[in-house]
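Every chain is numbered from 1 and lettered A, B, ... according to where its sequence line falls, protein lines coming before strand lines. Since the structure is predicted, the reported quantities are computational estimates derived from the model, not experimental observations.
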Amino acid sequence: MTEPQSEGETRPVQTASALSRRSFLKGAGGAAAASGVLAARAGAAQETAESKGATTVSGATEIELTVNGQVRQVTVEPRTTLLSALRDRMEPALTGTKLVCDMGSCGACTVVVDGKPAYSCLTLAVQCQGKAVTTVEGFGSPEAMSDVQDAFCEKDGLMCGFCTPGFIVATHAALDRKPDATLDELKYELSGNFCRCGTYPHIFDAAQAVQASRARSGESQTSGDSQKEGGR
Amino acid sequence: MSVQDEPKTTEPSWGKRADLDVLNRDIRRIDGPDKVTGRAIYTHDIRLPNMLHARILRHPVPRARINAVDVEAARRLPGVVHIHIEKEPGTEVRYSGDDSVIAVVAAETPEAALDGVRAIIVDATNLEPVVSPEAAKKADAPLVNYSRGAESNVTGASESGDRNEIEKIFEGAAAVGEVNIDIPVQHHVCLETHGHVVDPIERDGFVHIYASTQNVSGMPGQFRGPLERDSDGIRVLTPHMGGGFGSKFGPGLEGALAARIARETGRPVHLMLSRPDEFTMAGNRSGSRQRLRLAADESGKFIAVDLDAEKLGGQGNGSLPGAPYRYDVDNVSSKIVSVKTATDSNRAMRAPGHPQAAFGMESVIDEVAYALGMDPIEIRKRNLQSPIHHRQLDAVAKEIGWADHPNKTQHGLPENGIAVGIGFGVAGWGPGGRASQCDVTVNPDGRVVSATATQDLGTGARTYVAAIVAEELGLQVSDVTARIGDSQLPPSVASGGSVTTGSSAPAIKDGAHQMREALEAKLEPVLGAPVGGYEWKDGRVRVKGGGDDQSLSWKAVCALLREPLTVRGQFKQSLYRGNIHGAQAAKIEIDVFTGRIKVLKMVAIQDQGLPLNRMALRSQINGGMIQALSYGLLEERVFDEQDGYLLSENLDHYKIAGCQEMPEMISLIDDEDERESVCGMAEATIIPGHCAIANAIYNACGVRLTKMPFTPAHVLEALYGKI
């Protein structure tokens, strides 16, 4: 088992071997169920370890990820983070998910993996095979925004916009988990995300507006109205 | 395309607020849908064919002699394409910052670039770090002031006033306050780090640079040297940018290195700083130490102030406007010096120097107020000339609940360890306005484009580029396309000192007004009225006072054009005025057993002339309060003084305020300000918040926090000195 390599950590570089840091031992514990999805693909260097049900991936490997409902082929290394797979390895790239701290402190890279919010900078791409990954792009488009996205626009819950994708995803996840969250509970649920411009109060307004409109409509999620600008 | 040449007949004006249909309202940002869906493209997100990812290797301590740099192993790594050595053997690393850059690796993937950086072997002899002012001021300290001819690390002394005369006034004063302020270095923490994507492959006569910058128009000239190319052949694009706060005016070393590697490899280069790079080499707000004394007479009138200060700007000079800051004091003496350390230079940061100066002054004012038994609101009014500040102090006092607060002229005491207090501070700024241009184009099919090179740092500039034109032509914001963030568009200003709105908005307004008159000239043969005889509203033009038969739809007006019509708007002094005021209040709760401060509520009021977009304005005011709260409670750059490592090099150890620190926040737009002019305002709102919090802590329990940030450790230190 190795760990994701991000900035700051300096380790000696080894040439690729079955048990180098470029290898990733898959299948231990709760991840065993996913190991069957780790299908060998052309050109992939892949071995089965001796331990029960474990699979070792080494070097550049083509895997399938289900992102926003689409199956995407992507070549990753065992140490490639989900964030890097989305932003740097996919064609076309999915750059809505942002890299800010690269160490799980700021939330700008938040995506949803199998229904739960996750920091994609701390999640390995190979761990996500067979799971449903939803990025900010998966919640809506400028022409058809989700209710959360629309509420962020309506309440000005964004300024420079660099933290915004993470907050959109985190807000969706928070309202799914706790539809009736109080303001204090919302602050707790969103406390894994940082903003520097100072949009927090308007983000809370947006989340509460979504709660109110969902309560009115009795639905868990509605898609946003088409955009009308001008504030008239 | 033709440029209209009819003479203008009237000067543009913003008009009465009651007559406005688009401006002075809550306008949804036009880039909101792109930003909330992840479609907005920032420099970080640029992906070009054949693009290299570059990564910087920094030396981890501030000062060292470089003996050898071995890149052979790195060169052999798969994916590594190019290695640039910045510090050759025999050179020195002189300070923590851009001088720490040893090498840059460009590779096929970000991971390969990082592998390359890790594989470089540096043989260096580390030298004494000199990261604190104490270390810099030691008699035998190494010289880390690298200015030509410098002989000391203490430099740039500026003195004013006659200290002997001032001492006499202090001796006869009814009340004297003194504070010894200790403010650490603060970072900008732009969520998008500094950096560029440089595409050296010439297209349409240009080399293209995507830049996370607050200075689109000024960038091509600054890339001339690094690209060895005339600035006419350099095009800078900033479609969106993730925060600047004063730190992104030039290419920096990272831009120069990206340009160099792009030139040498002939491939596009993506070089964005890592977060630790950003904390090391992207600038900061200088720290300061201030011994500040204030004297008042029995009526609370300030009669003398004396300041002894050090500016801590690393390799920079630091920034501190000095005393008495916003207040009126006749007799002032001060001595301010810069103490140079082997650390990154300070850069402009939202109201450079002002939050530091305000903290000293607002703190000592309350010391004097309580000594005299005076209400902090009253003593401020006594010493502030502007009636605007008076009404604003009253407004925030009302909103924070000052009238019902028990301790107004003396501090309270904790009950079961908890005490609640309220404090105040004021702000001011002179936002500039200068030459800026904007092209307004109307097409025969009705499409409208408003185009200026400016950048949107998150302020909402892109939205008013469209909204101002919509207002003038009676359209909706969505009818106008805003084009910004491109150095080939009409030039704009660098966004520093809250000058963008004061510069751009008048040019946009002038362009829209010229367009309106150009269209009215074409309407004269159709509808009969001369230029100036029309009203534009709800997507129609109508002869003033005329009926439907003297009216045309916008589409019909545009159909009169045979080809697109473009006019160029220019900055107009008459549309701008730059003098603004603000006041803020904070209510806090302190736990004297744990030292924890909880901010319960903050209130701010701000004037700025005509509010272009009230919602974006409230966002800016919130942002100022929140950044000040964060500065006051959390932010502190920390070096290991023994060896010189930067300990606060990422967001786990450099804390900024998050959701759970957010109090109830009230942002008030001062609607008693009826000026028919515009200007920026963002700097002012960051100045008083931390001062109001410190004063609220004192008001709660009589403990003066002079050492920022107000962490439990610093609060307990202050408390146990008192108790």
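For B/Asp456, no part lies under 4.5 angstrom from a heavy atom of chain A. At a 4.5 Å heavy-atom cutoff, B/Ile46 makes no contact with chain A through either its backbone or its side chain. For chain A, the nearby parts of B/Ala616 are the backbone and the side chain; heavy atoms of each come within less than 4.5 Å. Of the atoms belonging to B/Met241, it is backbone heavy atoms, and not side-chain ones, that fall under 4.5 Å from chain A. Only the backbone of B/Ala40 comes within contact range of chain A, with heavy atoms under 4.5 Å apart. Contact annotation for A/Thr135: neither backbone nor side-chain heavy atoms come within less than 4.5 Å of a heavy atom of chain B. Proximity to chain B (any heavy atom under 4.5 Å) is restricted, for A/Lys155, to the backbone atoms N, CA, C and O. Within the 4.5 angstrom heavy-atom criterion, atoms from both the backbone and the side chain of B/Gln620 approach chain A. Residue B/Thr463: no heavy atom, backbone or side chain, is found under 4.5 Å from chain A. The contact between B/His188 and chain A is made entirely by backbone atoms, counting heavy-atom distances below 4.5 Å. Contact annotation for B/His44: both backbone and side-chain heavy atoms come within less than 4.5 Å of a heavy atom of chain A. Looking at A/Thr95, the atoms closer than 4.5 Å to chain B (heavy atoms on both sides) sit in the backbone and in the side chain alike. Heavy atoms closer than 4.5 Å to chain B are found nowhere in A/Ala108, neither backbone nor side chain.
Looking at A/Tyr200, its side chain never comes within 3.5 Å of a backbone N or O of B/Ile626 through a donor-acceptor pair. Judged purely by atom type and a 3.5 angstrom limit, B/Gln660 has no side-chain atom pairing as donor or acceptor with the backbone of A/Ser191. The backbone N or O of A/Leu99 sits nowhere less than 3.5 Å from a side-chain atom of B/Arg275 that would complete a donor-acceptor pair.
One finds a salt bridge joining B/Asp115 and A/Arg79 here, because a Lys/Arg side-chain nitrogen approaches an Asp/Glu carboxylate oxygen to under 4.0 Å. A/Asp150 and B/Arg28 are joined by a salt bridge, as a carboxylate oxygen and a charged side-chain nitrogen come within less than 4.0 angstrom of each other. Note on B/Arg39 versus A/Glu137: no salt bridge recorded, every NZ/NE/NH1/NH2 to OD/OE distance being 4.0 Å or above.
The shortest heavy-atom contact between B/Ile656 and A/Cys195 is CD1-O, 4.1 Å. Minimum interatomic distance between A/Ser141 and B/Thr37 (heavy atoms only, all atoms of both residues): C-CG2, 3.6 Å. In plain terms, the two heavy atoms of A/Met103 and B/Asp652 that are nearest each other are CE-OD2, 3.1 Å.
Looking only at side-chain heavy atoms (C-beta outward), B/Leu457 and A/Met159 stay at 4.5 Å or farther from each other. Looking at B/Cys659 and A/Phe204, their side chains come closer than 4.5 Å, going by heavy atoms from C-beta outward. Side-chain contact between B/His53 and A/Asp88: present, with at least one pair of heavy atoms (C-beta onward) separated by less than 4.5 Å. A/Thr80 places a side-chain heavy atom less than 4.5 Å from the side chain of B/Glu111. In this structure, the side chains of B/Ser619 and A/His202 come closer than 4.5 Å at one or more pairs of heavy atoms. Side-chain contact between B/Phe245 and A/Cys197: present, with at least one pair of heavy atoms (C-beta onward) separated by less than 4.5 Å. Proximity of B/Val36 to A/Cys153: side-chain heavy atoms (C-beta onward) are separated by under 4.5 Å at one or more points. Between B/Tyr654 and A/Cys101, the closest side-chain pair of non-hydrogen atoms is not below 4.5 Å.
For the side chain to side chain contact (heavy atoms under 4.5 Å, CB included) with B/Lys35, the lone residue among A/Leu158, A/Val136, A/Ile168 that qualifies is A/Leu158.
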field: Working for side-chain contact (heavy atoms from CB on, under 4.5 Å), residues A/Val100 and B/Leu651
entry: CA-CA 9 Å; A/Val100 168; B/Leu651 287 163; 4.1 Å; yes
(message) Run B/Leu191 and A/Lys98 through side-chain contact (heavy atoms from CB on, under 4.5 Å) and show every step you take.
(response) CA-CA 9 Å; B/Leu191 289 198; A/Lys98 299 294 186 245; over 6 Å; no
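Within a 6.0 Å radius of NZ in B/Lys601, other residues, nucleotides and ligands contribute more than 12 heavy atoms.
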